[in-house]
Enquirer: 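My structure is below; once you've seen it, I'll send some questions.
Just so you know, these numbers use all the heavy atoms, side chains as well, and skip hydrogens, waters and symmetry mates.
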Amino acid sequence: MESFRGDLIEWFKKEQRTLPWRENQDPYRVWISEIMLQQTKVETVIPYFEQFIRKFPTLEDLAAADEQEVLKAWEGLGYYSRARNLQTAVREVVSEYHSEVPKTVEEIGSLKGVGPYTQGAILSIAYDLPVPAVDGNVMRVLSRVLLVDEDIAKQSTRKLFELLVSSLISSKDPSSFNQGLMELGAIVCTPKSPSCLLCPVQEHCRAFHKGVEQELPVKSSKKTQKVLRYRTYVVENERGEVLIEKRPENGLLANLWQYPMVKEEEVEEGDLDGLKIEENGMIDRVRHTFSHLIWEMEVHRAEAVSGTVQREDARFVPKETIKNYPFPVSHQKIHPHLR
DNA sequence: CAAGCGTGGTT
DNA sequence: TAACCAAGCTT
């Protein structure tokens, strides 16, 4: 009877998917892929990764780029602080580490946006170092194989799994071990209906033997989202330009652009923070769900009459240039109304 | 530790 | 439809 570790690695080497970031072990490419893959499905990431690498082929290219350009390349991927932290970290690697991604847990873990999972993933995949990389897949797989019923929503539970992985990980091929756990979780040991009959480590799985694989992992539920109602304006001036504004540099959708929004309870008809407008009716309702809240937007069309907007970073721009600005998906839904 | 931070797919 | 989930990190 082979070991869990041996069976897992053998399976991974044979069955792993062909993915663009698996072409080589370039630490930069591994890094980019790991950041993009945070809370994001493989199929979603693939086109973003390829386009991103084309646009920023090296650490130096990304370090030298304009932040708005990076956000534009990230447009639609979500969790935009990932992009801004990534560029901050890349700049630090260029200036403080001679453009070489550091090889120690302490150094790489100090980079912005590189947490406990990502540091292990980069060190094991790019540098073949035996460091745990515990993500949601790993916790699901190991909670079943080892019959662990701790709440995986708690941070302390992730540390428990890091300890377990440390004792299980292969010193010969830590990359295949870590990736094998994740690949197994993504393809076989899925959350809903795991394919236990096809599982390469079935004989090692305590949950399967007890018939409780569907009950694991244990995860406490999160609460419901808050609903926020906005009126969103598509304001055109006499030159046919459209009003857009840049969001604050911190918080939700930081530094992205949007059509000006006003909380529904703060709407003043005919006035958009100092800009006198003539409203021409509602043209759409856009509902956008975030992980923690919901926007319900009434989109109104309007013409600028007089005055100026007392809003930070608001400006009229030609319609053709809208595509050059990074917009959240909620506002991309409004773009078609411009033609 | 809990909350904030996106988006799209599945059930 | 609503809930859940996905190669998490920061504060």
Enquirer: Transitively linked via ILVMFWY side-chain contacts under 4.5 Å: Ile277(A) with Tyr259(A)?
Expert: no
Enquirer: Using a 6.0 Å distance limit plus a 45 degree cone around the ring axis, check whether Lys263(A) lies over the aromatic ring of Tyr230(A).
Expert: no
Enquirer: Suppose you measure atom P in dA3(B) against the same atom in dA7(C); what distance do you get, rounded to whole Å?
Expert: 23 Å
Enquirer: Can you list everything that forms a side chain to side chain contact (heavy atoms under 4.5 Å, CB included) with Ser99(A)? Sequence neighbours excluded, please.
Expert: Leu59(A), Glu60(A), Val94(A)
Enquirer: How would you label the contact of Trp21(A) with the nucleic acid (heavy atoms, under 4.0 Å): base, sugar-phosphate, or nothing?
Expert: base
Enquirer: Give the nucleotide from the list dA3(C), dC5(C), dA7(C) with an atom nearest to the side chain of Thr224(A).
Expert: dA3(C)
Enquirer: Between dG8(B) and dT10(C), how far apart are the two P atoms, rounded to whole Å?
Expert: 24 Å
Enquirer: Find every protein N or O atom lying less than 3.5 Å from an N or O atom of nucleotides 5-8 of chain B, and list the pairs.
Expert:
from	atom 1	to	atom 2	distance (Å)
dC5(B)	OP1	Leu252(A)	N	3.3
dC5(B)	OP2	His292(A)	NE2	2.6
dG6(B)	OP1	Tyr80(A)	N	2.9
dG6(B)	OP2	Leu253(A)	N	2.5
dG6(B)	O4'	Tyr79(A)	N	2.9
dG6(B)	N7	Tyr79(A)	OH	3.2
dG6(B)	N7	Ser291(A)	OG	3.3
dG6(B)	O6	Tyr79(A)	OH	2.9
dG6(B)	N1	Gln39(A)	O	3.2
dG6(B)	N2	Gln39(A)	O	3.2
dG6(B)	N2	Thr40(A)	OG1	3.1
dT7(B)	OP1	Tyr80(A)	OH	2.7
dT7(B)	OP1	Val329(A)	N	3.0
dT7(B)	OP2	His288(A)	NE2	2.7

Enquirer: Sequence neighbours left out, what passes side chain to side chain contact (heavy atoms under 4.5 Å, CB included) with Glu303(A)? Give chain and number order.
Expert: Asn280(A)
Enquirer: Compare every heavy atom of Ala63(A) with every heavy atom of Gln87(A), then report the nearest pair and how far apart it is.
Expert: NE2-O, 4.0 Å
Enquirer: What parts of residues 132-165 of chain A reach DNA chain C, counting only heavy atoms under 4.0 Å away?
Expert: Asp135(A), Gly136(A), Asn137(A), Arg140(A)
Enquirer: Considering only residues two or more places apart or on different chains, which pairs with a residue in residues 65-77 of chain A satisfy side-chain hydrogen bond (donor to acceptor under 3.5 Å, both in side chains)?
Expert: Glu67(A)-Asn255(A), Gln68(A)-Trp257(A), Lys72(A)-Glu75(A)
Enquirer: Between atom CG in Asn250(A) and atom P in dC9(C), what is the gap in whole Å?
Expert: 20 Å
Enquirer: Within the 4.0 Å heavy-atom criterion, would you say Val114(A) contacts the bases, only the backbone, or no part of the nucleic acid?
Expert: sugar-phosphate
Enquirer: What pairs with Glu236(A) under side chain to side chain contact (heavy atoms under 4.5 Å, CB included), at least two apart in sequence or on another chain?
Expert: Val242(A), Arg301(A), Lys319(A)
Enquirer: Describe the nucleic acid contact of Arg287(A) in one word from base, sugar-phosphate, nothing, applying a heavy-atom distance below 4.0 Å.
Expert: nothing
Enquirer: For Ile35(A) and dG8(C), what is the distance between atoms CD1 and P respectively, to the nearest whole Å?
Expert: 11 Å
Enquirer: Describe the nucleic acid contact of Leu181(A) in one word from base, sugar-phosphate, nothing, applying a heavy-atom distance below 4.0 Å.
Expert: nothing
Enquirer: How long is the straight-line distance from CG of Leu228(A) back to CD of Glu264(A), given to the nearest 0.5 Å?
Expert: 12.0 Å
Enquirer: Which one, dA6(C), dA7(C), dC9(C), comes nearest to the side chain of Thr118(A)?
Expert: dC9(C)
Enquirer: Grab the two heavy atoms, one from Glu203(A) and one from His209(A), that are nearest each other, plus how far apart they are.
Expert: O-NE2, 3.1 Å
Enquirer: Taking the nucleotide of DNA chain C with the closest heavy atom to each, which residue, Arg17(A) or Leu111(A), is nearer the 5' end?
Expert: Arg17(A)
